[in-house]
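Take a look at the structure set out below.
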Amino acid sequence: MVQSLLHIALVVKEYDEAIEFYTKKLNFTLIEDTYQPEQDKRWVVVAPPGSVGTSILLARASKPEQQSFIGNQSGGRVFLFLNTDDFWRDYHEMVSKGIEFVREPKEQPYGIVAVFKDLYGNLWDLVQMTSSPLTDENNK
């Protein structure tokens, strides 16, 4: 059996402001933006540049109970992990574009990591892995 995660739904306030943030500030690619008239919503998918794995479905909150989860989908914990092949390139570019980092870069046994907020306050790790925490010799 082969399975994989296709999309992760991220609850957003408005489609266009979310698309703007992810494509202009994080350099994500807009994969799809299709209006679904039967549900009066849009199917909006973005992905990091060069990504061939899981993408993000930007899902506009459509009910009052969904509004409270905008920016807090994981109860204040880091929610998403953006892996990069060049931490310092991406870190400096993100800082220059006004991305707020709430934890400064730190060397860890598995690589270098810093925590930033998206436009709604969800926490993300920007990480460049040097080894896998699951296979690292220190964890055996």
Side-chain angles (χ1 to χ4, degrees):
M1 175 177 10
V2 176
Q3 296 180 337
S4 64
L5 290 176
L6 181 59
H7 305 298
I8 294 174
L10 182 63
V11 180
V12 300
K13 194 178 300 182
E14 292 296 333
Y15 294 116
D16 292 330
E17 69 182 8
I19 290 169
E20 176 83 11
F21 177 84
Y22 285 99
T23 61
K24 303 296 186 211
K25 300 265 185 168
L26 296 184
N27 295 324
F28 281 29
T29 302
L30 178 62
I31 305 296
E32 185 175 356
D33 184 355
T34 305
Y35 179 64
Q36 298 180 324
E38 65 281 356
Q39 297 177 1
D40 190 30
K41 66 180 184 179
R42 289 160 61 184
W43 182 261
V44 179
V45 179
V46 296
S51 176
V52 294
T54 306
S55 57
I56 296 176
L57 173 68
L58 300 176
R60 184 177 51 107
S62 59
K63 299 177 183 176
E65 57 270 18
Q66 294 172 354
Q67 297 274 336
S68 65
F69 290 98
I70 296 171
N72 191 28
Q73 290 196 195
S74 62
R77 295 186 55 99
V78 169
F79 177 52
L80 297 165
F81 300 79
L82 181 59
N83 189 39
T84 178
D85 64 345
D86 187 332
F87 178 89
W88 291 109
R89 174 199 65 214
D90 293 346
Y91 174 78
H92 291 301
E93 182 176 349
M94 291 166 75
V95 168
S96 76
K97 291 181 175 182
I99 301 293
E100 180 186 356
F101 279 83
V102 296
R103 279 189 232 138
E104 293 302 312
K106 185 173 182 181
E107 293 280 344
Q108 296 289 352
Y110 55 84
I112 187 166
V113 62
V115 178
F116 69 93
K117 289 182 180 181
D118 69 13
L119 76 163
Y120 299 116
N122 292 301
L123 297 178
W124 290 63
D125 271 0
L126 174 64
V127 62
Q128 181 178 359
M129 305 294 284
T130 54
S131 66
S132 169
L134 298 177
T135 60
D136 189 4
E137 286 296 320
N138 297 329
N139 293 323
K140 288 186 177 179

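Just the heavy atoms: all of them, side chains too, but no hydrogens, waters or symmetry mates, feed the values below. All values derive from a computational prediction rather than experimental measurement.
- Between the CG atom of Leu123 and the CZ atom of Phe101 there is a distance of 11.5 Å, given to the nearest 0.5 Å.
- More than 12 non-hydrogen atoms from other residues, nucleotides or ligands lie less than 6.0 angstrom from CZ of Arg89.
- Taking the six-membered ring where tryptophan is involved, the planes of Tyr91 and Trp88 are perpendicular, since the angle between them exceeds 60° and thus also 30°.
- Smallest separation of non-hydrogen atoms from Glu104 and Ala114: C-CB, 3.9 Å.
- Nearest heavy atom pair, residue Glu17 against residue Tyr120, reads OE2-OH, 2.6 Å.
- No more than 12 heavy atoms of other residues, nucleotides or ligands lie within 6.0 Å of CZ in Phe69, so this atom counts as exposed by the packing criterion.
- A distance of 11.5 Å separates CD1 of Ile112 from NZ of Lys106, quoted to the nearest 0.5 Å.
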Item to complete: Quick one: do Leu30 and Val44 satisfy side-chain contact (heavy atoms from CB on, under 4.5 Å)? Show the steps, please.
Response: CA-CA 8 Å; Leu30 178 62; Val44 179; 3.9 Å; yes
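- Cluster annotation: Leu57 is not connected to Phe21 through the hydrophobic network of ILVMFWY side chains, with a link wherever side-chain heavy atoms come within less than 4.5 Å.
- Under the rule for a salt bridge (charged side-chain N to carboxylate O under 4.0 Å, His left out), Asp125 has no partner lying at least two apart in sequence or in another chain.
- Between the OH atom in Tyr15 and the CG atom in Leu58 there is a gap of 9.0 Å [rounded to 0.5 Å].
- Ring planes of Phe28 and Trp124: perpendicular class, angle over 60° (limits at 30 and 60°).
- With a 4.5 Å cut-off on side-chain heavy atoms, Ile99 and Leu26 count as touching.
- Val12 is not connected to Tyr35 by any chain of hydrophobic side-chain contacts under 4.5 Å among Ile, Leu, Val, Met, Phe, Trp and Tyr, and they are in different clusters.
- Between His7 and Trp43, the closest side-chain pair of non-hydrogen atoms falls below 4.5 Å.
- Heavy atoms only, all atoms of each residue included: Asn72 and Asn122 are closest at N-OD1, 3.4 Å.
- Nearest heavy-atom pair across Ile19 and Thr23 is O-OG1, 2.7 Å.
- To the nearest 0.5 Å, the span separating CG on Asp16 from CZ on Arg60 amounts to 10.5 Å.
- Judged by distance alone, the side chain of Thr29 and the main-chain N or O of Ile31 form no donor-acceptor pair under 3.5 Å.
- How far CG of Asp118 is from CD of Glu100: 11.0 Å, rounded to the nearest 0.5 Å.
- Residues Phe81 and Val113 are not in side-chain contact: their nearest non-hydrogen atoms beyond the backbone lie 4.5 Å or more apart.
- The cluster map of Ile, Leu, Val, Met, Phe, Trp and Tyr, joined by side-chain heavy atoms under 4.5 Å apart, puts Phe87 and Leu82 in the same cluster.
- Side-chain contact between Leu10 and Phe79: present, with at least one pair of heavy atoms (C-beta onward) separated by less than 4.5 Å.
- One distance of note links CD of Glu107 with CD of Gln128; it measures 9.0 Å at 0.5 Å rounding.
- Taking both residues in full, the closest heavy atoms of Thr130 and Pro109 are given as OG1-O, 3.9 Å, listed atom of the first, atom of the second, then distance.
- Nearest heavy-atom pair across Arg42 and Asp33 is NH2-OD2, 2.7 Å.
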Practice prompt. Apply side chain to side chain donor-acceptor pair (under 3.5 Å) to Asn27 and Tyr22, showing your working.
Written response: CA-CA 6 Å; Asn27 295 324; Tyr22 285 99; over 6 Å; no
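- In this structure, Val52 stands alone, with no Ile, Leu, Val, Met, Phe, Trp or Tyr side-chain heavy atom under 4.5 Å from its own, directly or through other members.
- More than 12 heavy atoms of other residues, nucleotides or ligands lie within 6.0 Å of NZ in Lys97, so this atom counts as buried by the packing criterion.
- Following chains of ILVMFWY side-chain contacts shorter than 4.5 Å, one can reach Phe116 starting from Val95, so the two form part of one hydrophobic cluster.
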